[in-house]
Amino acid sequence: MATERYNPRDAEQRWQQEWEKNNVYKTDNDDPREKYYVLEMFPYPSGRIHMGHVRNYAMGDVVARFKRARGYNVLHPMGWDAFGMPAENAAMERGVHPAAWTYQNIAAMKAQLKVMGLSLDWSREFATCDVEYYQRQQHLFLDFLEKGLVYRKQSKVNWDPVDHTVLANEQVIDGRGWRSGALVEQRELTQWFFRITDFSQDLLDSLDTLDQWPEKVRLMQRNWIGRSEGLTVRWEIAEGSQKTAEREITVYTTRPDTLFGASFLAIAADHPLARELSAGNETSAAFCDECRRAGTSLAALETAEKKGIDTGVRVKHPLDASWELPVYIANFVLMDYGTGAIFGCPSGDQRDLDFARKYDLPVVPVVMPKDGDAATFTVENEAYIGDGVMINSRFLDGLSTEEAFERVAATLEKTLIGNQPQAERKVNFRLRDWGISRQRYWGCPIPVIHCEDCGIVPVPKKDLPVKLPDDVTFDKPGNPLDRHPTWRHVACPHCGKDARRETDTMDTFVDSSWYFARFTAPWEDNPTDPKAANHWLPVDQYIGGIEHAILHLLYSRFFTRAMKAAGHVALDEPFKGLFTQGMVVHETYSRGEGAQREWITPAEIRIDEIDGKRRAVHIETEEPITIGSIEKMSKSKKNVVDPDDIIGSYGADTARFFVLSDSPPDRDVIWSEAGVEGSHRFVQRTWRLISEAAPALRQAEAKPAKSGNALEISQAAHRTLKAVGADYEKLAFNKAVARLYELVNALAAPLTEVAGGKADAATVSAAKDAVVILINMFAPMMPHLAEECWREIGGEGLIAKGAWPSFDADLVAENEITLPVQINGKKRADLTIARDADQTAVQSAVLALEAVQAVLNGQNPKKIIVVPQRIVNVVV
RNA sequence: GCCCCAUUGGCGGAACUGGUAGACGCGCUCGACUCAAAAUCGAGUUCCGAAAGGAGUGCUGGUUCGAUUCCGGCAUGGGGCACCA
């Protein structure tokens, strides 16, 4: 009777070869069945996959296999997000060419993914650094340029004055360059931009149609796009104040109702007026420089202490010309948003209030809560930002905030200064155009040529691709394309004169903004084959980390619209269903500080617990290591766990099953191996139960029992089948796992009986039916074990090509239900009663219960609440 | 700083649309098998309490017959903030 333990090392390889031999996962674009496109966000080829990848791809694979079993023609491709900074860093640190480094990493990671047994169509694989891919991206860029979706403008970068290099925000640590340690400056460069703001309103409105996206992602995008309705208001500069060439300052405000609470104007350091004043004033120039040094990131800007300086310029209040207000240059005002100038109403905005207190500016409350008292309402250290009733606001007093908004808007629209209205209604978006220029080598070259006579000349499509030169060096700082001896020299396609290539490459977000479309016909000479793209798109189920909730997804949505404008696809929204899986997070470990800080992988350290305190030491050197915060697994922080150990000891199925168990897939998990033994036990237990019963099962016909002893077996199997199918549809893998455990627990005794030859024919048939269902249910999660079990019980063909079984409705229905009985909201008893019993029957049955009688003590209950099919609550 | 999310036993978590809190797994305890161990099987396992019973879903206040679930405030942790991908 004893069978051998399941050996994943042997079985997994065998079945992977079998699938490959049969081309099971190769997708035919002309297959007539209904399509289903499932896609996981493709990985950056950092070198090794980590548990976060395993989790992501295991989920996608369950969906792919499940949908295949449900009869769909499934597209499930894989590729590589292969351009980006780490390859250049490796080149600088180790002298490897970025291409060599990247392709080696891809080979290593592909091997790891292969071991996982994913049902991917590898024939469609590509890397974004393949010339064949980025050539089509250049084609798209030229099309967008032609459609007016691309332009150039001045924009700021982090400049390292020692390394002569543009730094990413990530590379700026406490205002200094990560390698040189030099204070980072901001430099203005002319850079390329995509006009994503052309689509602001549409990108916002269409969020409502994405009903298969998580609400939180839609909300984040809505806030990011940041539509606001407000007023631009012109403030005249008062005579007799600081001299300036300007006559007025235009301010954007969403709160014109609070105009009578204004106590200052604040302008950005890059505002034309600030620049003008700085030219002749050292203090103001120094302050503006300081603001610019703060870094390009919004987070850095907003966490910095709020500061400003008085320019000496005074402006006239738009509703009272005799009222003059000071104009400050302030570090919290952004030139990119609105008009680069605001009016500060300290009582209605916390930031303005802090600023006013700091510089001793008046604070006049102008809005109070509806039920407030105007005589006593004051604002001290907390601004009142809500809606309410206007006070201290002259002709607005007593109005609601909305009414006041309208009155001010109507008044100022009619007031003319120099024949122009003083104010105009304006819809404003927080969303900015997408800067795609990168001063780096390892990216897609922007296919443009600069000619002294002809200006900017697009590279003709017939001259594509603009290939990256291979012979580059990274021993010197700066962009290798810039200092390449020949690459940038080229004849102008227009006039033939000597000209130079654009040396900026594209942001890697561009690469990932259309790869999903390329997968539909990766062999096509044009960027897409519109027929294939329109057949497969939108992606039915897109799965990836929540960290991409805004940028990647928004850029892809824009790109799809731009591609539509250029005729490459016929749709707006690329992703119909989105699932944001939680991240696999882990503690970080490091030694050294600041720019010297060096990250250490978990594999290199040991955790000791001394007096209840956790301490980390380096295994090799025994030196103490700093335990840092818990963060998403990333190559840069090295807090990654390689799945090879787990797959090596337990097999891919156990690893897949384990990462799908327990945690809800959209929740972050702190990585821990505790519990992997349980998953492995389940694999072995399932194999043992099935293989021991297999000789008997092979002979039997699968037939659910409708009555008798075996009924329970069939009910358990069919109820689980219904529930697991629903779980897979919702991507609730952890729940499916729990149900499978329950079913196997329930089948253990009958299968042992069958194996021992002690079961009657009806039981053997019901057991066979249950086992067939069981194997099909765990097949999407543990495909190798499923094939092995399937063959063992004499199944025909491959489970990977099999159809999802259907459940028997009679077996799923419940005739009797057990109602919990509460007394005053606390459960005191159970009542088992026919499912269709009516309210009165339930009530009298409840009153007859001993527990209820005891509490009632002969009296009548105050109230009995019967929630059909759910619960009874007796109120005493 | 701003936007979004999470918080339930020793641990991961379950609880459908407001209706039995703790399914399932891990760990632990006890038992069976064994010369012994591993593997396996069985029983128990929120906390307090001998028990009866009581308390309990980060904290706090509210709505409700009834709140892990809805609303207000707070705390802690995580993600994003436009050049990490």
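Remember, predicted model here, so these are calculated numbers, not experimental data. Lettering follows sequence order; numbering is per chain, from 1.
With 3.5 Å as the limit, one finds a donor-acceptor pair spanning the side chains of A:Gln191 and A:Gln439. Under 3.5 Å, the side chains of A:Thr503 and A:Asp482 contain a donor-acceptor pair of N or O atoms. No side-chain N or O of A:Trp80 forms a donor-acceptor pair with one of A:Tyr133 less than 3.5 Å apart. When only modelled atom types and interatomic distance are considered, A:Gln350 and A:Asp354 share a side-chain donor-acceptor pair under 3.5 Å.
Within the nucleic acid shown, A:Pro43 has no heavy atom closer than 4.0 Å to any nucleic acid atom. Note on A:Ala549: nothing from the nucleic acid sits closer than 4.0 angstrom, heavy atoms only. Here A:Phe332 lies out of heavy-atom contact (under 4.0 Å) with every strand. Residue A:Gly435 is classed as a sugar-phosphate contact, given heavy-atom separations below 4.0 Å to backbone atoms only. No contact: A:Gln171 has no heavy atom under 4.0 Å from any strand. Within 4.0 Å (heavy atoms only), A:Met583 reaches sugar-phosphate atoms of the nucleic acid but no base atom. Counting non-hydrogen atoms under 4.0 angstrom, A:Leu431 reaches a base of the nucleic acid. Contacts of A:Ser661 with the nucleic acid, taken as non-hydrogen atoms under 4.0 Å apart, are absent. Looking at heavy-atom distances under 4.0 Å, A:Val874 makes no contact with the nucleic acid at all.
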Derivation of the salt bridge (charged side-chain N to carboxylate O under 4.0 Å, His left out) call for A:Glu215 and A:Arg218: CA-CA 5 Å; A:Glu215 187 50 45; A:Arg218 293 196 277 167; 3.0 Å; yes
Candidate pair A:Lys156 and A:Asp270, rule salt bridge (charged side-chain N to carboxylate O under 4.0 Å, His left out), full reasoning: CA-CA 11 Å; A:Lys156 275 183 275 184; A:Asp270 290 314; 2.5 Å; yes
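With a 6.0 Å cutoff to the six-membered ring centre and a 45° limit on the axis angle, A:Arg5 does not count as a cation-pi contact of A:Trp687. Cation-pi check for A:Lys637 over A:Trp599 is met; the charged atom lies under 6.0 angstrom from the ring centroid and within 45 degrees of its normal. Both cation-pi conditions hold for A:Lys153 and A:Phe193: the charged atom is under 6.0 angstrom from the six-membered ring centre and inside a 45 degree cone around its axis.
B:rG49 and B:rG54: their C1' atoms are spaced 8 Å apart (whole Å). For the P atoms, the distance from B:rU7 to B:rC16 is 13 Å, rounded to whole Å. Here, B:rC70 and B:rU8 have their P atoms 16 Å apart, quoted to the whole Å. Here, B:rA23 and B:rG12 have their P atoms 15 Å apart, quoted to the whole Å. Comparing B:rG22 with B:rC83, their C1' atoms are spaced 47 Å from each other, to the whole Å. Rounded to a whole angstrom, the distance from the C1' atom of B:rA6 to that of B:rG13 is 14 Å. Comparing the C1' positions of B:rU69 and B:rU20 gives an interatomic distance of 15 Å, to the nearest angstrom.
With salt bridges taken as basic N to acidic carboxylate O contacts below 4.0 Å, one links A:Asp727 and A:Arg739.
Of all nucleotides present, only B:rU29 satisfies the Watson-Crick or G-U wobble test against B:rA43, with each distance under 3.5 Å. The partner of B:rC81 is B:rG1, by the rule that a Watson-Crick or G-U pair needs both atom distances under 3.5 Å. When Watson-Crick and G-U wobble pairs are counted only if both distances are under 3.5 Å, B:rU7 pairs with B:rA75. Base pairing of B:rC24 is made with B:rG12, judged by Watson-Crick or G-U wobble geometry with both donor-acceptor distances under 3.5 Å. Across all strands shown, B:rG53 forms a Watson-Crick or G-U wobble pair with B:rC48, both key distances being under 3.5 Å.
Taking the six-membered ring for Trp and the full ring otherwise, A:Phe83 and A:Tyr134 have centroids separated by under 6.0 Å. Checked against a 6.0 Å centroid threshold, the rings of A:Tyr542 and A:Phe579 do not count as neighbours.
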Nucleotides 37-40 of chain B: which of its N/O atoms have a protein N/O under 3.5 Å away?
| from | atom 1 | to | atom 2 | distance (Å) |
| --- | --- | --- | --- | --- |
| B:rU40 | O3' | A:Arg688 | NH2 | 3.3 |

Atom pairs under 3.5 Å: protein N/O with N/O of nucleotides 4-8 of chain B:
| from | atom 1 | to | atom 2 | distance (Å) |
| --- | --- | --- | --- | --- |
| B:rU7 | OP1 | A:Arg667 | NH2 | 3.2 |

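When distances are taken from the side chain of A:Leu551 to each of B:rC83, B:rC24, B:rC81, the shortest belongs to B:rC81. Which of B:rC83, B:rG19, B:rA85 sits closest to the side chain of A:Pro86 comes down to B:rA85. Among the nucleotides B:rC24, B:rC83, B:rA85, the one closest to the side chain of A:Asn745 is B:rC24.
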Sequence-aligned protein contact record of nucleotides 58-71 of chain B, with B where the base is within under 4.0 Å of a protein heavy atom and S where only the sugar-phosphate is: -------B------
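With its glycosidic angle more than 90° from 0, B:rG12 is assigned anti.
Rounded to the nearest 0.5 Å, atoms CZ (A:Phe509) and CG (A:Leu551) are 4.5 Å apart.
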